[in-house]
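Report on one structure; see the data block that follows.
Start at 1 and go down the list; that is how both ligands and their atoms are numbered. Index from 1, following the sequence.
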Amino acid sequence: MSLLPFDDRDGFIWFDGRMVPWRDAKIHVLAHGFHYASLVFEGERLYDGAIFKGQQHTERLFYSAQQMDFTIPYSVAEINAAKAEVIAANKLTNAYVRPFAWRGSEQMGVSGKLNKIHVAVAVWDWPSYFSPEARMAGLKVVTGKWRRPAPDSIPCHAKCAGVYMICTLNKHAAMEAGYDESLMLDHKGAITETTAANLMFVRGNEIHAPSTESFLNGITRQTVLPLAERRGFTIVERTILPEELRLFSEAFVTGTAAEVTPVASIDDVVFPGREVTKVLMQDYDDLVHGRLKLEDAA
Ligand code: PMP
């Protein structure tokens with residue numbers, strides 16, 4: 001991972017409708033989004049000059065904002081255009097794209113109705129979320145202490161800043177203990193996902209995926225499940241308990257940043273297989289690079 005600080009880089013950031021030099025894209029310290037987590041964001045990838053499922057990501061940004069009780073003061077088409085503009089300004093063809101929207105500084109306190117809504121789009125070179133070695137070996141995952149909140153505790157399908165604090169805590173604990181990632185359980189103790197990617201498991205001819213009542217149904221997840229179906233696998237979306245982990249031969253994560261990455265182990269359960277994961281890694285790679293065309297993959 002690059003050690004270049006994120007506030008000290010060359011390039012441009014699209015900020016409230018203007019292209020701003022990277023180092024000048026600043027907010028005031030008294031921003032509601034900063035103090036009370038009223039910020040929503042997206043993570044997208046640009047492959048060979050085209051964002052994979054860019055429209056779906058923009059739509060999720062608007063959905064997340066609506067869940068946080070605010071309205072983005074642009075249209076979906078304008079945000080799509082902003083993404084294209086900032087990609088061009090930074091002369092990137094393979095990159096990570098981060099649109100985000102937050103409440104400003106007009107009002108400080110829990111209530112945020114009077115705050116102006118700001119929007120920015122940043123884009124940067126980011127080859128792989130996990131190191132290539134970690135990727136091939138598979139992720140070492142450990143169950144985290146902090147659980148995903150119940151679906152009636154937070155708008156759990158919004159990609160909003162607030163829900164990520166528990167992820168940061170779990171990720172820190174996992175890394176300090178020598179693992180790559182943290183498994184997050186739900187409020188009842190069922191398996192959900194890792195800190196920033198969805199989880200799937202292989203058993204015979206079936207792909208088992210935790211059902212997404214209390215967490216993000218990722219765009220990559222929604223892409224990979226049909227890819228697996230196309231390969232003849234039966235998809236089983238259901239509640240999966242930790243004691244069932246030993247029944248699976250393979251495990252992998254899916255996410256915009258993680259793409260499809262094998263999981264080597266969760267706690268003391270080892271997943272030796274890579275056969276199915278490799279096929280889906282290749283299919284996903286072919287799809288995002290336009291080598292595989294599916295009708296529903298636009
Ligand atoms: N879960 C969480 C908590 C995430 O942050 C992400 C990344 N956005 C995902 C799942 C995967 O979502 P997507 O496939 O849309 O990137």
Does the side chain of E42 pick up a donor-acceptor pair with the side chain of H57 at under 3.5 Å?
yes
Without placing hydrogens or testing angles, list every side-chain donor-acceptor pair under 3.5 Å for residues 12-24, not counting sequence neighbours.
from : atom 1 : to   : atom 2 : distance (Å)
D16  : OD1    : V119 : N      : 2.8
D16  : OD2    : H118 : ND1    : 2.6
W22  : NE1    : F6   : O      : 2.8
R23  : NE     : D8   : OD1    : 2.6
R23  : NH1    : R9   : O      : 3.0
R23  : NH1    : D10  : OD1    : 3.1
R23  : NH2    : D8   : OD1    : 3.4
R23  : NH2    : D10  : OD1    : 3.1

Side-chain (H32) to main-chain (W102) donor-acceptor, under 3.5 angstrom
no
Who passes side-chain contact (heavy atoms from CB on, under 4.5 Å) against S214, sequence neighbours left out?
P151, D186, T192
Under 4.0 Å between a Lys/Arg side-chain N and an Asp/Glu carboxylate O for E181 and K171?
yes
Tabulated below should be the N or O atoms of ligand 1 paired with protein N or O atoms at under 3.5 Å; can you produce that?
from     : atom 1 : to   : atom 2 : distance (Å)
ligand 1 : 1 (N)  : E193 : OE1    : 2.5
ligand 1 : 5 (O)  : K159 : NZ     : 3.2
ligand 1 : 5 (O)  : Y164 : OH     : 2.4
ligand 1 : 8 (N)  : K159 : NZ     : 2.8
ligand 1 : 14 (O) : I219 : N      : 3.2
ligand 1 : 14 (O) : T220 : N      : 2.8
ligand 1 : 14 (O) : T220 : OG1    : 2.6
ligand 1 : 15 (O) : R60  : NH1    : 2.8
ligand 1 : 15 (O) : R60  : NH2    : 3.0
ligand 1 : 15 (O) : I219 : N      : 2.7
ligand 1 : 16 (O) : T256 : N      : 2.9
ligand 1 : 16 (O) : T256 : OG1    : 2.6

Residues in side-chain contact (heavy atoms from CB on, under 4.5 Å) with V276, at least two apart?
V202, I207, F233, E250, L280
